[in-house]
Amino acid sequence: LKTNKPESANFLRKESDNYRNLAFEHLKDYNWNQEDKEKIREEAIGYMKKKRDLKYSDMKISDREIEVEVLKVMEDLNL
């Protein structure tokens with residue numbers, strides 16, 4: 001992550017880990033079809049872009065990097 005505020009990168013990594021852990025706890029109780037998974041992906045990407053623009057404007061992360069990270073997390077969560 002490229003930023004002029006190193007504390008932003010560290011905080012964002014911790015926040016990402018926390019969200020991943022919370023999601024894992026809740027997702028294992030459900031069965032997700034392909035339509036559900038696509039909606040989750042789209043909403044997660046939108047959420048991350050909004051968060052980047054509003055809270056982490058100093059971060060240099062592209063839309064593509066966000067999409068790749070969301071897909072990686074979804075794969076880690078077996079979605």
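Hydrogens, waters and symmetry mates play no part in the numbers below; they use all other heavy atoms, side chains included. Everything quoted here is computed from the prediction, not taken from an experiment.
- For Ile45 against Val70, the heavy-atom pair with the smallest separation is CG1-CG2, 3.8 Å.
- Atom CG of Asp76 and atom CG of Leu71 lie 11.0 Å apart (nearest 0.5 Å).
- Between Glu42 and Lys39 no salt bridge is recorded (no basic side-chain N to carboxylate O distance below 4.0 Å).
- Here CG of Asp63 is found 10.5 Å from CE of Met48. Values are rounded to the nearest 0.5 Å.
- Within 6.0 Å of NZ on Lys72 lie no more than 12 heavy atoms contributed by other residues, nucleotides or ligands.
- Exactly one of Lys49, Glu69, Arg52 qualifies for a side-chain contact (heavy atoms from CB on, under 4.5 Å) with Ile61. That residue is Arg52.
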